[in-house]
Amino acid sequence: MVTGKRASRFQLAGSLVDINNYFYEQGWTDGLPIIPPTEDLVLEMLEASPQPAERSLGRMPPLNGTVTVEKVAINAVMAGCKPDYMPVVSAAVKAVLQPQFNVAAITTTTGGAAPAIIVSGPIAGRLGIHSGTAVFGSGHQANATVGRALRLTMRNLGGAVAATMEKSTHGWPGKYTMCFAENEEANPWEPLHVDLGYPPEASTVTVAAVRGIQTLVEASQETGEGVLQTIVGAVKAAGISGYYYQLRGASPVVVFGPEHAGEIAADGFKSKKAIKEYLFQHVRMPLGVLKDRGHWGARSWPEEWEQQCDDYLVPLVTDPDKFILVVAGGDGRHSSWMLPWSATQRATEVIEV
């Protein structure tokens with residue numbers, strides 16, 4: 001077992017406002033109020049952890065702070081997590097530390113990427129991780145605090161602080177928090193963790209580097225394929241970096257609203273594999289439209305594409321399985337897709353309980 005040093009203790013007198021002001025001045029918060037990580041609250045969080053306090057999960061780039069379970073628990077307390085959320089937070093931290101996720105570059109890119117945490121499996125229902133109406137909105141404690149705990153861990157152990165290591169040109173609210181679950185009751189297909197090869201009884205977190213969310217409406221088409229055509233149209237635009245960096249293996253996330261999902265399934269798309277293949281074949285941009293725009297000068301794609309004519313249709317990904325498909329949200333004929341950041345690959349961890 002790899003171990004790290006226990007976190008240091010210090011005493012701080014004053015009101016809750018005084019303590020929050022002190023933490024903010026030290027650069028330990030995201031600008032929102034925190035729960036002071038008193039020793040008793042951290043101990044309570046650790047009691048819900050499947051791993052001991054001194055266990056090292058690795059180092060958090062770009063500053064390479066040692067990530068111990070205890071330090072994750074401290075940030076989880078600060079974020080407002082309930083102790084029951086600790087296994088999910090730990091899994092999310094372990095996921096972003098997987099080498100292919102490239103968390104150092106996510107922090108330092110001007111592209112403004114942040115990890116989106118997708119929780120799949122039975123634990124989501126047990127913990128109340130929201131998957132329904134206003135799934136990306138406010139008012140859901142588990143979603144808000146689990147995502148925030150990961151971001152605070154990245155901030156305090158990896159140095160994800162604006163004007164130093166954080167270099168986002170704009171950023172987006174996912175830099176505070178982004179965590180949601182699948183709406184499995186409304187999902188006509190296999191859940192994400194099963195799609196990724198895990199048994200149905202398992203629970204997982206999957207993290208994908210995301211630059212924002214684009215929501216679309218399709219309330220006129222009367223077929224599932226018509227809905228997919230509208231989604232395809234929304235994912236084809238200039239300036240999307242994924243069209244230039246396919247060899248890096250990023251995963252676009254498509255979130256189907258339950259109504260759209262039902263319509264697509266009823267139109268003969270009986271599996272996620274069929275939908276991924278449809279998206280792979282249709283989410284393409286003409287080479288001539290991409291040329292001399294966006295990240296053209298730094299493109300990373302198959303060499304044979306260089307010899308193609310301007311009307312050659314360049315796919316967003318080189319492999320249909322790169323797409324992450326999730327059903328989430330409430331009523332309404334809406335779906336969303338999450339713009340991927342290109343220099344990363346998704347990562348999944350089983351949630352230990």
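- Side-chain contact check for Val350 versus Ser203: every heavy-atom pair is 4.5 Å or farther apart.
- Between Pro188 and Val327, the closest side-chain pair of non-hydrogen atoms falls below 4.5 Å.
- Annotation for Pro115 and Met154: closest pair CG-SD, 3.8 Å, computed over non-hydrogen atoms.
- Residues in residues 272-290 take part in these salt bridge (charged side-chain N to carboxylate O under 4.0 Å, His left out) pairs, two or more places apart or across chains: Glu182-Lys272, Asp195-Lys276, Lys276-Asp321.
- Phe180 is linked by a ring pair (Phe, Tyr, Trp, His ring centres under 6.0 Å) to Phe136, counting only residues two or more places apart in sequence or in another chain.
- For the atom pair CD of Gln308 and CD of Glu304, the computed distance is 8.0 Å after rounding to the nearest 0.5 Å.
- Looking only at side-chain heavy atoms (C-beta outward), Thr204 and Ile351 stay at 4.5 Å or farther from each other.
- Connection of Met45 to Ile34 is established within a shared hydrophobic cluster, with ILVMFWY side chains joined at heavy-atom distances below 4.5 Å, either directly or through further cluster members.
- Of all the heavy atoms in Ala181 and Ala328, the pair that sits closest is O-CB, 3.8 Å.
- In this structure, Ser120 and Glu184 have side chains that are in contact, with non-hydrogen atoms separated by less than 4.5 Å.
- Grouping the Ile, Leu, Val, Met, Phe, Trp and Tyr side chains by contacts below 4.5 angstrom, directly or via other members, places Val253 apart from Val103.
- Within the structure, every pair that satisfies the side-chain hydrogen bond (donor to acceptor under 3.5 Å, both in side chains) test and touches residues 104-119, not counting sequence neighbours, is listed here: Thr109-Trp341.
- Under the 4.5 Å side-chain criterion, counting only non-hydrogen atoms from C-beta, Thr68 is not in contact with Leu57.
- With sequence neighbours excluded, the residues forming a salt bridge (charged side-chain N to carboxylate O under 4.0 Å, His left out) with Glu306 are Arg299, listed by chain and number.
- Within the model, atoms CG of Leu46 and CG of Leu41 stand 11.0 Å from one another, a figure rounded to the nearest 0.5 Å.
- Within the structure, every pair that satisfies the side-chain hydrogen bond (donor to acceptor under 3.5 Å, both in side chains) test and touches residues 71-83, not counting sequence neighbours, is listed here: Asn75-Asn156.
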Run the ring pair (Phe, Tyr, Trp, His ring centres under 6.0 Å) check on Phe323 and Trp337 step by step: do they pass?
CA-CA 10 Å; Phe323 285 104; Trp337 85 286; 8.9 Å; no

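- Contact of the Phe256 side chain with the Val326 side chain is not registered, since no non-hydrogen atoms from C-beta on lie closer than 4.5 Å.
- For Glu39, the salt bridge (charged side-chain N to carboxylate O under 4.0 Å, His left out) criterion is met by Arg9, not counting sequence neighbours.
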Tell me which donor-acceptor pairs under 3.5 Å the side chains of residues 87-102 have, and how far apart each pair is, sequence neighbours excluded?
| from | atom 1 | to | atom 2 | distance (Å) |
| --- | --- | --- | --- | --- |
| Ser90 | OG | Met86 | O | 3.2 |
| Lys94 | NZ | Glu352 | OE2 | 3.0 |
| Gln98 | OE1 | Gln100 | NE2 | 2.7 |
| Gln98 | NE2 | Thr348 | O | 2.9 |
| Gln98 | NE2 | Glu349 | OE2 | 3.0 |
| Gln100 | NE2 | Arg346 | O | 3.2 |
| Asn102 | ND2 | Ala343 | O | 2.9 |

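- A search for salt bridge (charged side-chain N to carboxylate O under 4.0 Å, His left out) contacts involving Arg293 returns nothing, not counting sequence neighbours.
- Here the closest heavy-atom approach between residue Thr66 and residue Ser56 is recorded as CG2-OG, 3.8 Å.
- Tyr176 and Val146 are members of different hydrophobic clusters when ILVMFWY side chains are connected at heavy-atom separations under 4.5 Å.
- Note that CZ of Arg151 and CE of Met178 are 11.5 Å apart. Values are rounded to the nearest 0.5 Å.
- Under a hydrophobic clustering in which Ile, Leu, Val, Met, Phe, Trp and Tyr are joined whenever their side-chain heavy atoms come within less than 4.5 Å, directly or via other members, Leu16 and Met78 fall into different clusters.
- Side-chain N/O atoms of Trp296 and Tyr244 include no donor and acceptor closer than 3.5 Å.
- Under the salt bridge (charged side-chain N to carboxylate O under 4.0 Å, His left out) criterion, no residue pair touches residues 234-260, with sequence neighbours excluded.
- Listed by first then second residue, pairs satisfying side-chain hydrogen bond (donor to acceptor under 3.5 Å, both in side chains) with a partner in residues 131-149 read Asp30-Arg148, not counting sequence neighbours.
- A donor-acceptor distance shorter than 3.5 angstrom exists from the side chain of Asn183 to the backbone of Gly329, with no hydrogens or angles considered.
- Expressed to the nearest 0.5 Å, how far SG of Cys309 lies from CG of Leu287 amounts to 9.0 Å.
- With no hydrogens or angles considered, a side-chain donor-acceptor pair links Glu166 and Ser168 at under 3.5 Å.
- Considering only heavy atoms from C-beta on, Gln246 stays 4.5 Å or farther from Leu316 through its side chain.
- Nearest heavy atoms, Thr177 versus Ala144: OG1-O, 2.9 Å.
- With hydrogens and angles left out, the side-chain atoms of His260 and Ser335 include a donor and acceptor closer than 3.5 Å.
- Rounding to the nearest 0.5 Å places CG of Leu12 at 9.0 Å from CD of Gln26.
- In terms of modelled atom types and a separation under 3.5 Å, the side chain of Ser251 and the main chain of Lys322 share a donor-acceptor contact.
- Linking ILVMFWY residues whenever their side-chain heavy atoms come closer than 4.5 Å, directly or via other members, leaves Ile213 and Leu339 in distinct clusters.
- In terms of modelled atom types and a separation under 3.5 Å, the side chain of Lys175 and the main chain of Ala113 share a donor-acceptor contact.
- Of the residues listed (Asp319, Val317, Thr318), the one engaging Phe280 in a side-chain contact (heavy atoms from CB on, under 4.5 Å) is Val317, and it is the only one.
- Of the inter-residue distances, the one linking Ile123 atom CD1 with His193 atom NE2 reads 11.5 Å to the nearest 0.5 angstrom.
- Within the 4.5 Å cutoff, side-chain heavy atoms of Thr153 are placed close to those of Met60.
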Result block: side-chain N/O donor-acceptor pairs under 3.5 angstrom for residues 225-235, not counting sequence neighbours:
| from | atom 1 | to | atom 2 | distance (Å) |
| --- | --- | --- | --- | --- |
| Glu225 | OE2 | Tyr278 | OH | 3.4 |
| Thr230 | OG1 | Glu218 | OE1 | 2.4 |
| Thr230 | OG1 | Gly226 | O | 3.3 |

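- Heavy atoms only, all atoms of each residue included: Ala104 and Pro61 are closest at CB-CB, 3.3 Å.
- Among all heavy-atom pairs drawn from Met338 and Ala116, the shortest one is SD-CB, 4.1 Å.
- Under a 3.5 Å cut-off, the side chain of Lys270 and the backbone N or O of Ala265 do form a donor-acceptor pair.
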Can you check side-chain hydrogen bond (donor to acceptor under 3.5 Å, both in side chains) on Trp305 and Tyr312, steps first, answer last?
CA-CA 8 Å; Trp305 294 0; Tyr312 176 73; 3.2 Å; yes

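- For Phe23, the ring pair (Phe, Tyr, Trp, His ring centres under 6.0 Å) test picks out Trp28, with sequence neighbours left out.
- Side-chain atoms of Glu190 do not come within 3.5 Å of backbone N or O of Ser271 as any donor-acceptor pair.
- Between Glu70 and Arg55, none of the side-chain N atoms (NZ, or NE/NH1/NH2) sits under 4.0 Å from a carboxylate O, so this pair counts as no salt bridge.
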